[in-house]
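Report on one structure; see the data block that follows.
So you know, we letter chains A, B, ... as the sequences are listed, proteins then strands, and number each from 1. Every value quoted in this text rests on a predicted model; they were computed, and no experiment measured them. The figures here come from the full heavy-atom set of this structure, side chains too, leaving out hydrogens, waters and symmetry mates.
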Amino acid sequence: MQSKYNAHEIEPKVRAYWNEKRSFRAEEIPGQRKYYCLSMFPYPSGKLHMGHVRNYTIGDALSRYHRMRGYNVLQPMGWDAFGLPAENAAMANGVPPAQWTYDNIAYMKKQLQSLGFAIDWERELATCKPDYYRWNQWLFLRMLEKGLVYKKTGTVNWDPVDQTVLANEQVIDGRGWRTGALVEKREIPMYYMAITQYADELLSALDTLPGWPERVKTMQANWIGKSYGVRFAFPYTLDGKAEKLWVFTTRADTIMGVSFCAVAAEHPLAAHAAQNNPKLAAFIDECKHGSVIEADMATMEKKGMPTGIHVDHPLTGAKVEVWVGNYVLMSYGDGAVMGVPAHDERDFHFAKVYGLPIPQVIAVDGKPFSTDAWQEWYADKEHGICVNSGKYDGLKYMQAVDAVAADLKAKGLGDKQVMWRLRDWGISRQRYWGTPIPLIHCSDCGAVPVPDNQLPVVLPEDCVPDGAGNPLNKRADFLDCTCPKCGKKARRETDTMDTFVDSSWYYTRFACADQKNSMVDARVKYWLPVDQYIGGIEHAILHLLYSRFWTKVMRDLGLVTLDEPFANLLTQGMVLNEIFFRKPESGRIVYYNPTEVDIAVDANGKRTGVTLRADGQPVESGGIGTMSKSKNNGVDPQSLIEEYGADTARLFMMFASPPEQTLEWSDSGVEGASRFLKRLWGFAHDQQAVIAAGLREHGATVAEGWKPALSAHADFRREIHTILKQADFDFAKFQFNTVVSAAMKILNAASAFAAAPPADAKTAGEWQRLITEATGILLRLLAPITPHIAHALWQDLGFGEDVLAAPWPAADAAALDADEVELVVQVNGKLRGSLRVAKSADRAEIERLAMQNANVQKHIAGQTVKKVVVVPGRLINVVV
RNA sequence: GCCGGGAUGGCGGAACUGGUAGACGCACCGGACUCAAAAUCCGGCGGUAGUAAUAUCGUGGGGGUUCGAUUCCCCCUCCCGGCACCA
């Protein structure tokens with residue numbers, strides 16, 4: 001055994017052992033409890049970043065921990081390999097996206113392997129391979145058959161930089177989620193997946209997921225956005241034809257207060273009215289081309305223009321004028337609203353601007369109503385009562401909604417309806433590097449599905465996009481085909497699928513990645529659901545919602561039996577680092593990597609200044625932020641691994657903060673982690689002989705209930721087992737930072753204990769035995785977190801062949817038991833001393849001893865003792 | 001605006017069902033070793049007063065419940081995240 005810790009020598013050897021033993025190959029073992037631990041698979045962007053390292057370290061620690069606890073563990077890995085960056089790289093370097101992607105996969109796989117993750121690489125998959133994406137195509141066709149996929153020409157979000165369509169979910173603040181470019185509206189025919197058909201279940205099933213973070217469930221619920229209300233119509237006549245203007249409202253109780261209607265600029269009625277009204281046409285144009293930044297829109301001034309068209313109030317028959325309003329969204333409901341200025345804040349402001357009537361129809365407790373300014377209570381449906389509403393007067397919110405809905409229904413003009421914020425999922429992308437949509441366009445038969453026996457529609461891998469549209473449109477060998485229906489010459493669809501499709505079901509494929517004949521097979525039933533899913537919070541809505549949707553679709557097609565794919569979800573926090581910059585008088589801010597600056601501190605360790613090493617001049621601190629290229633505050637995991645080894649990197653990641661919280665990068669924190677491993681190695685080296693003797697005499701463990709003869713030894717054993725008990729509890733809570741802390745405590749305690757061998761030969765055996773036991777506990781606690789060093793020491797010290805096969809250590813209740821306990825003595829809740837008493841001491845005895853304490857006497861002198869609170873095993877509080 | 005989550009030393013963070021606040025680590029200070037430095041080891045380390053024992057204040061702010069509150073309740077401030085003209 002080497003005297004010094006050398007990660008670079010140990011780690012490859014340990015990994016070679018795992019490889020040779022195929023340690024992480026997962027097999028279906030009926031009867032054994034399984035644990036499917038999945039970290040979100042990476043996009044092969046080139047190299048790992050710290051977020052990946054954190055994500056996969058958490059997953060690996062959980063996998064190894066559960067394995068040691070006796071679970072049959074599956075931890076697979078794959079590649080989310082389709083996507084735009086590959087095309088961008090292709091344009092920049094003239095390399096086909098496929099080649100770029102496969103090169104990246106090869107490099108990143110090596111990186112993952114160098115971190116020692118317990119992954120079953122035999123199940124590796126890449127979504128850009130035909131044997132994977134053929135099942136995207138296959139399921140797409142099944143969904144087409146069931147009406148879950150449909151074609152629609154719709155307004156789509158067009159990213160002018162990437163030249164592609166974006167889903168609503170991919171538009172953030174009016175900008176493309178990837179490019180940050182302002183999104184334009186375009187009319188394009190595309191395919192949709194009818195996720196809204198599952199809206200109800202996607203929402204209600206959130207309640208069946210106790211293992212998901214509350215905030216993720218809230219985000220999904222908000223996204224799905226269920227509203228209960230009434231959908232009804234205002235009848236009108238246009239060009240002699242009877243028409244209906246449909247609106248949706250959650251406040252049908254205010255229907256008698258309608259003083260106008262407002263439609264979106266894109267509404268057909270607006271377009272019709274604009275035909276011979278140039279001013280209106282100009283206004284509509286302005287609305288369409290105005291700012292699309294949603295935060296802006298929310299605060300934008302309410303603008304509108306009358307259409308000159310009047311509709312009839314469905315209950316009173318009164319004429320109501322229709323306006324075009326810039327605050328009405330075409331994408332929600334029917335793109336039209338009823339205007340009730342007195343009880344809707346937006347309608348109120350709109351009416352004030354255009355001088356429309358504001359009739360009160362809701363009252364609260366005789367509060368005075370005034371049209372001068374908006375009051376919160378005008379929209380109060382909890383306390384509001386209908387007034388000035390004819391037959392509805394006096395009714396409360398729900399009663400009035402019911403009555404109004406019933407009356408509208410009787411007239412055939414409306415009914416109660418549930419409205420969703422969620423839209424169907426447009427999956428067509430005018431992109432090359434994705435799953436080809438399996439359709440063929442025939443001049444006679446239209447869009448014809450590719451027959452199953454012709455799947456997969458293989459994407460040619462040698463295209464090099466040049467930025468001028470989809471290169472598939474220039475590939476005759478791809479385009480030209482025959483119509484499966486009539487056999488005539490036809491043209492293949494060149495749109496590809498949104499890459500979120502790829503990641504919506506990969507977790508099922510890991511159960512049977514080698515299956516050639518079907519999308520999934522019976523092994524899915526063994527492994528699914530995923531017991532623990534781990535990934536970034538940024539996927540809280542899109543990926544997780546789509547995955548839940550696909551699971552339900554696959555269930556309804558009889559492919560799987562589960563309702564939800566992920567039983568437990570852990571959203572790990574982001575990795576942050578400090579940002580340093582200079583802002584020149586003119587020009588752009590320059591960011592400096594934290595490795596390029598020096599930080600000066602005073603005698604108390606407080607920071608006094610930051611300078612750039614290169615020129616010694618000050619730089620500014622921009623606070624702490626997510627590691628990013630733009631802020632130049634990233635740290636490359638590769639350099640970390642090369643300098644310190646995988647175990648140090650893993651230990652630091654786990655120790656710096658709990659998994660769900662953000663993690664702040666710290667060079668000295670990494671040093672600290674490395675120092676601990678060096679100390680651990682040094683300790684093990686120094687105690688080799690002692691542990692060898694301990695193992696020889698007594699074996700690796702001691703029988704439960706065994707008690708050391710010396711009380712000092714019993715104290716040591718109690719300390720170790722107390723720490724172990726807490727660490728075990730923390731591990732179960734996934735609070736790895738305190739588990740690491742526990743390991744540090746054990747090493748500290750064991751080092752001190754080992755430094756004081758008993759002179760007495762009789763108790764030396766007991767001492768050896770305790771050091772051996774503590775070391776065995778320590779190595780097993782660390783095995784999930786720093787597996788290489790734990791494995792090496794476990795073997796070198798002679799504990800056994802494979803620490804992974806060792807049982808998880810259990811705290812011995814007998815060790816925790818003490819004859820004497822330390823009690824805290826308080827007077828009026830303030831700490832005044834402590835007391836060692838026999839465990840058997842009764843209340844009266846404890847009280848008597850507490851009162852004898854000099855400091856207690858001092859503080860109760862001259863006062864009457866009102867009460868003495870005794871908490872057994874904890875404290876005594878004397879109240880005066 | 002609505003929803004969710006936070007605020008504890010110089011820093012990251014501990015504290016089980018209310019029971020010794022600040023574990024563990026980092027930084028810093030002092031000492032040992034060394035010609036010296038690094039590394040390593042030992043000791044100290046919330047504020048204030050005191051040589052010290054000790055006292056006192058202290059978990060964003062204010063109130064409450066309790067023998068006792070970082071923990072429970074009410075109000076407020078600030079920060080982070082999500083949704084956002086959703087009718």
Side-chain angles (χ1 to χ4, degrees), chain A residues 173 213-223 225-227 229 247-251 254 262 264 294-302 325-329 331-340 344-347 349-350 419-421 537-538 540-541 574 599 601-607 652 655-658 660-673 675-676 678-679 682 723 725-726 729-730 733 735 737-745 748 822-834 855 858 866-871 873-880:
Chain A
D173 292 339
E214 210 51 50
R215 66 170 171 157
V216 173
K217 288 192 277 187
T218 308
M219 281 159 75
Q220 293 221 343
N222 286 343
W223 191 263
K226 185 177 191 177
S227 306
V247 300
F248 175 76
T249 180
T250 54
R251 293 302 306 270
T254 66
E294 282 170 345
D296 281 0
M297 288 175 68
T299 51
M300 213 153 75
E301 202 187 327
K302 307 285 172 282
N326 67 346
Y327 67 97
V328 183
L329 301 175
S331 51
Y332 186 74
D334 295 279
V337 296
M338 65 175 194
V340 183
D344 179 281
E345 193 170 352
R346 288 157 313 181
D347 296 346
H349 294 304
F350 191 80
M419 193 64 72
W420 303 91
R421 208 195 74 101
I537 186 71
E538 66 272 22
I541 299 173
M574 306 224 247
I599 296 169
V601 293
D602 67 10
N604 297 315
K606 277 192 208 177
R607 178 182 292 189
F652 168 73
F655 182 53
S657 65
E660 305 229 51
Q661 283 183 36
T662 55
L663 181 149
E664 268 182 51
W665 184 259
S666 155
D667 285 325
S668 45
V670 175
E671 283 286 347
R675 199 173 302 147
F676 169 73
K678 283 185 207 155
R679 284 183 54 219
I723 296 167
K725 191 183 171 196
Q726 185 63 44
F729 181 77
D730 291 346
K733 281 197 303 183
Q735 198 171 308
N737 56 328
T738 50
V739 174
V740 174
S741 152
M744 289 171 170
K745 284 184 205 176
N748 290 344
E822 178 153 334
L823 295 181
V824 164
V825 186
Q826 298 179 332
V827 176
N828 283 349
K830 286 199 164 130
L831 179 67
R832 296 301 173 195
S834 67
N855 209 26
K858 193 172 126 195
K866 278 202 284 194
K867 180 174 170 187
V868 179
V869 181
V870 177
V871 184
R874 285 220 181 257
L875 56 73
I876 307 119
N877 188 13
V878 182
V879 186
V880 295

Touch class at under 4.0 angstrom, heavy-atom based, for A:G225 against every strand present: nothing

Euclidean distance for C1', B:A37 against B:C24 (whole angstrom): 30 Å

Residues A:R421 and A:N222: side-chain donor-acceptor under 3.5 angstrom: no

Sugar-phosphate only, base, or nothing, as touched by A:P213 at under 4.0 Å among non-hydrogen atoms: nothing

Out of B:G25, B:C85, B:A23, whichever nucleotide has its closest atom nearest the side chain of A:K745: B:A23

Euclidean distance, atom CZ of residue A:R251 to atom C1' of B:C86 [Å, nearest integer]: 15 Å

Paired and unpaired positions of RNA chain B as dot-bracket, Watson-Crick or G-U wobble under 3.5 Å, | denoting a partner strand: (((((((..(((......[....))).(((((.......))))).((((....))))..(((((..]....))))))))))))....

A:A262 versus A:Y327, closest heavy-atom pair with distance: CB-OH, 4.1 Å

Any A:V247 side-chain heavy atom under 4.5 Å of A:T249 side chain: no

side-chain N/O A:R346 vs B:C86 OP1/OP2, d < 4.0 Å: yes

P spacing across the pair B:C79 / B:C74, given as an integer number of angstrom: 23 Å

Separation of atom CG in A:N737 from atom P in B:U8, rounded to whole Å: 16 Å

Sugar-phosphate, base or nothing in reach of A:E214, heavy atoms under 4.0 Å: nothing

Integer-rounded Å distance: B:G19 C1' and A:N828 CG: 15 Å

Main-chain N/O of A:V869 paired to A:N877 side chain as donor or acceptor, under 3.5 Å: no

Nucleotide B:C85, atom P - distance to CZ of A:F350 in whole Å: 17 Å

Residue A:T249, side-chain atoms from C-beta onward, closest of B:G13, B:C83, B:A87: B:A87

Torsion-based syn/anti label for B:G9, 90° from 0 as limit: syn

Derivation of the side chain to side chain contact (heavy atoms under 4.5 Å, CB included) call for A:M338 and A:T254: CA-CA 10 Å; A:M338 65 175 194; A:T254 66; 3.5 Å; yes

Whole-angstrom distance between B:G44 and B:G82, as gauged at atom C1': 46 Å

P-based separation of B:U48 from B:G43 [nearest Å]: 25 Å

Earlier contact from the 5' end, RNA chain B, for A:N877 and A:Y327: A:N877

Derivation of the side chain to side chain contact (heavy atoms under 4.5 Å, CB included) call for A:V337 and A:R346: CA-CA 11 Å; A:V337 296; A:R346 288 157 313 181; over 6 Å; no

Heavy-atom donor-acceptor pair, A:N828 side chain to A:V880 backbone, under 3.5 Å: yes

Sugar-phosphate only, base, or nothing, as touched by A:Q661 at under 4.0 Å among non-hydrogen atoms: sugar-phosphate

Side chain of A:S657 (C-beta onward), nearest among B:C83, B:A15, B:G12: B:G12

Residue met sooner reading RNA chain B from 5', once A:S741 and A:S227 are mapped to nucleotides: A:S741

Options B:G4, B:A14, B:A87, nucleotide nearest the side-chain atoms of A:T738: B:A14

Candidates B:C67, B:C85, B:G4 - which lies nearest the side chain of A:V869: B:C67

Sub-4.5 Å side-chain heavy-atom contact between A:T738 and A:K733: no

Distance, rounded to the nearest Å, where A:I537 contributes CD1 and B:G81 contributes P: 12 Å

Main-chain N/O of A:Q735 paired with A:D730 side-chain donor or acceptor, under 3.5 Å: no

Residue-phosphate contact under 4.0 Å: A:K867 side-chain N/O, B:C67 OP1/OP2: yes

Distance-minimising heavy-atom pair for A:D347 and A:V340: OD2-N, 2.9 Å

Heavy-atom protein contacts under 4.0 Å, nucleotides 50-60 of chain B, coded B base, S sugar-phosphate only, - none: ----SSSS---

Gap in Å between the two P atoms, one belonging to B:A53 and one to B:G47, rounded: 15 Å

A:F655 side-chain proximity, nearest of B:G12, B:G19, B:A23: B:G12

Whole-Å P distance, B:A55 and B:U65: 27 Å

Whole-Å gap separating P (B:C11) and CD (A:E664): 11 Å

A:K226 atom NZ, over 12 foreign heavy atoms within 6.0 Å: yes

Sugar-phosphate only, base, or nothing, as touched by A:S834 at under 4.0 Å among non-hydrogen atoms: nothing

Student check: side-chain heavy atoms of A:N748 and A:R679 closer than 4.5 Å: yes

Sugar-phosphate only, base, or nothing, as touched by A:Q220 at under 4.0 Å among non-hydrogen atoms: nothing

For atom CG of A:D347 and atom P of B:C85, their distance in whole Å: 15 Å

Sugar-phosphate, base or nothing in reach of A:V328, heavy atoms under 4.0 Å: base

Of the listed nucleotides B:G19, B:A14, B:A87, the one nearest the side chain of A:L875: B:G19

Spacing of the P atoms in B:C80 and B:C73 (rounded, Å): 25 Å

Side chain to side chain, A:F652 and A:W665, heavy atoms closer than 4.5 Å: yes

A:F652 CZ to B:C11 P, straight-line distance once rounded to whole Å: 17 Å

Separation between the C1' atoms of B:A21 and B:U59, rounded to whole Å: 7 Å

Sugar-phosphate, base or nothing in reach of A:V879, heavy atoms under 4.0 Å: sugar-phosphate

Sugar-phosphate only, base, or nothing, as touched by A:R215 at under 4.0 Å among non-hydrogen atoms: sugar-phosphate

Sugar-phosphate only, base, or nothing, as touched by A:N748 at under 4.0 Å among non-hydrogen atoms: sugar-phosphate

Short side-chain N/O contact from A:Q735 to OP1 or OP2 of B:A23, under 4.0 Å: no

Candidate nucleotides B:G4, B:U20, B:C41, ranked by approach to the side chain of A:R679 - the nearest: B:C41

